[in-house]
There are 2 protein chains.
Amino acid sequence: MGLNARKNLILKSVVDDYIGTAEPVGSKSLVNKYSFNVSPATIRNEMAELEELGYLEQPHTSAGRVPSDKGYRAYVDHLLQVEDLPQKEAEVIRSYLRENMDEVTQLIRRAASVLSEKTDYTSLVLSPQYRKSHLKQIKMLMIEPGRALVVVVLSAGVVKDRLVRIPEMLDAQQLMQVASAIEDGLSGMTLDDITLVTVAAAARHTPLPESLINQVMYEAYLSIKQADQLDLYLDGSHRLLAQPEFQDVRKAHDFLETLNRDKLVAGYMSELKEDQDISHSDYENNEELVNNGTHIKCHAADDPAYMVRIGQEILLDGLKECSFITTSYKIGDTVAGKIGVIGPKRMAYGKVISHINFVKMTVNEQIRRLANGEDENGGIV
Amino acid sequence: MGLNARKNLILKSVVDDYIGTAEPVGSKSLVNKYSFNVSPATIRNEMAELEELGYLEQPHTSAGRVPSDKGYRAYVDHLLQVEDLPQKEAEVIRSYLRENMDEVTQLIRRAASVLSEKTDYTSLVLSPQYRKSHLKQIKMLMIEPGRALVVVVLSAGVVKDRLVRIPEMLDAQQLMQVASAIEDGLSGMTLDDITLVTVAAAARHTPLPESLINQVMYEAYLSIKQADQLDLYLDGSHRLLAQPEFQDVRKAHDFLETLNRDKLVAGYMSELKEDQDISHSDYENNEELVNNGTHIKCHAADDPAYMVRIGQEILLDGLKECSFITTSYKIGDTVAGKIGVIGPKRMAYGKVISHINFVKMTVNEQIRRLANGEDENGGIV
DNA sequence: TTTAGCACTCGCGAGTTGTGAGTGCTAATT
DNA sequence: AATTAGCACTCACAACTCGCGAGTGCTAAA
């Protein structure tokens, strides 16, 4: 199932053109715009074959042709060369992500915002998952009788906290005792491994009566568990309404409705795996195209590793008319959240990928900075 | 500029009908549906007069008529009787807002979500503003050398915190010293009154060298200032796309674009005043309608106090085709955030108002519970 | 004051037609 | 064998017409 060079070129041109115009592209206009040195008739024959092979489809007889999901897939996997971001653009983004930045949450929000703005599509950012992180500290701070702040510090250098109620008769001294008992018992464990039982066991190493401890212990447990809650940040959801494929309000409605179901989307995103099928195949130098039609390719060259889902490959119902490009950012070694851009299948893949890669790199860099306590200019404070 | 009883009835019927159908309503269908005991011709004459007075308008000659902003205003101010929520519906909402609730933020989010779902419009909830609250405590908790958590406790019983960097050489002991010096100097002041100067003055009551203190002091200041940051929660923005007035994608786009500008919308909402012009006027018992055409009425009977902005009265550009109903909820005595529903001008005012009132009451109630440490069933823990 | 009657208006949907960009097929050309 | 000119055909789309229906305002009679 290989394609010759000319078919590749035609396929690429069709996709490029369709990305630009959103109009079915025909043989004649193709010849005009891309200065092939063959006649429209030849292109026609080739296009007919491409259609037979499943890379193109016709909305109706005697309109031009439109890429199929498979066509987009081939385009993304083999025909697209991703360029680096222009220096100037890169600088703008970098400085926006550096300025006055002191919390991971804020960084992530800005990443979403800048991605959406620069690509003109909708961006999605998933907060990091801490399930595999280790608990480093757990402190409890008395706010007033009956209320305390539980502070959970994780190995990745991340701090989460939560306001809780505690028994009125517990004083600050006693609260600290319980907290440090729990900390002693749990520190070093991963969040996944901490259960109500382990917390209870740890808390029991205290001279205080159980009646006092129980509630504190339970709240501590909840606070720890809450630390790895997934948050989703969405930005620029209005932008897709400007795309011609969403002129139909019903589609726009369904799209937005799906996106607004945070938990569903967050769950889906967190399940996405990058390390799927990285066989670069024997495709090379635009000479031959190999595609088994189902595999999802991922560019694993470590740094610019992104993943593209096209159309039906997206398992969320309202988004099957879209393409979704994601990549992971890291806190520490393993903990990672995801950054993504969603747009029409007809999206400007090259542009989006280069932006998403750059944002991912900058976010990683910046997170490292925040953790190491460097200031905005890279020096140590 | 009074209206007689029949004109009022006609106006009310027109608005009711238009709310239901989104179609211009004509004299004949009006007579059919609402069993007036006069002929269409009479209604026509009355409607013509209502148009002359500015309460109705015609999209084009020989279509039916549609309420003008002024018409909606009269409807809302004088013709609408707001009913209480059915017991059953109320119970559903109340239990949803009570279940597993332990943070104000979570409560507010749920309030937005339930409001949007039950009304089928878009809801907006503004976090409380703490500018007038007093600082009660400020604690600093050492996380690791060079990093600390600043915890700010306000009079309303609200706790905010923020992760900051501090000089590496500062130890836990010293950090506490600085923190308690600042707390001593500032506690009792309102957030509005705290400035960099007052913080600096407070921090100076410490034996530590200035070089160490300065950064800590500055971070403390920022943390305090950040505590009264406005947050906006938006829910159900897709729902308005189902309304016929947003079939035009451009309108939908503009609407969403405006709503997505959090800071703009939050700023606008926070400026909204309820205590504007409460002259109930001499209108009574559907006998006479008085309206100066510009004033914005507000129902100030303390508990169900809401405010309605219609069309042009909304000062945000993308929302001038909408109506916006807001009310305030309270934390403690003075600190308040806002709850709002935005929909087409043709919105089901009665339904929305009764929902918003109930949600507001329940939120108030629930906040009191959270602050007093009562559990979900109303008992003391 | 109300209403019947009437001429008038105008959006809307259905039907018609022309145009243009596209197609596939075939036969001639390279 | 691959390419291309030529041609008949298809089909979405925009423009136009036309009739219908629901609405109007006005006038004159009840």
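Just so we're on the same page: letters track the sequence lines, and every chain starts at 1.
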Holding to salt bridge (Lys or Arg N to Asp or Glu O under 4.0 Å), I want the full list of residues that pass it with A:Asp235, two or more places apart in sequence or in another chain.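 Residues passing salt bridge (Lys or Arg N to Asp or Glu O under 4.0 Å) with A:Asp235: none at all.
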
Going by salt bridge (Lys or Arg N to Asp or Glu O under 4.0 Å), name the residues that satisfy it together with A:Glu89, two or more places apart in sequence or in a different chain. none

What is the separation between atom [atom1] on [X] and atom [atom2] on [N], rounded to the nearest whole Å?
| X | N | atom1 | atom2 | result |
| --- | --- | --- | --- | --- |
| B:Lys33 | D:dG23 | NZ | P | 9 Å |
| B:Asn37 | C:dT1 | CG | P | 17 Å |
| A:Phe36 | D:dT3 | CZ | P | 13 Å |

Where does the angle between the aromatic ring planes of B:Tyr268 and B:Phe324 fall among parallel (under 30°), tilted (30 to 60°) and perpendicular (over 60°)? parallel

Are any of the side-chain heavy atoms of B:Thr326 and B:Tyr306 separated by less than 4.5 Å? no

Check whether A:Arg73 reaches the backbone of A:Val308 with its side chain - one donor and one acceptor, N or O, closer than 3.5 Å.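 At least one qualifying donor-acceptor pair exists.
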
Can a donor-acceptor pair be found, under 3.5 Å and without considering hydrogens, that links the side chain of A:Lys320 to the backbone of A:Ile314?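 Yes: the side chain of A:Lys320 pairs with the backbone of A:Ile314.
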
What does nucleotides 8-25 of chain C look like as a protein-contact string, B for base, S for sugar-phosphate only, - for none, at under 4.0 angstrom between heavy atoms? -BBS----------BBB-

Given C:dT3, D:dT3, C:dT2, identify the nucleotide with an atom nearest to the side chain of A:Thr42. D:dT3

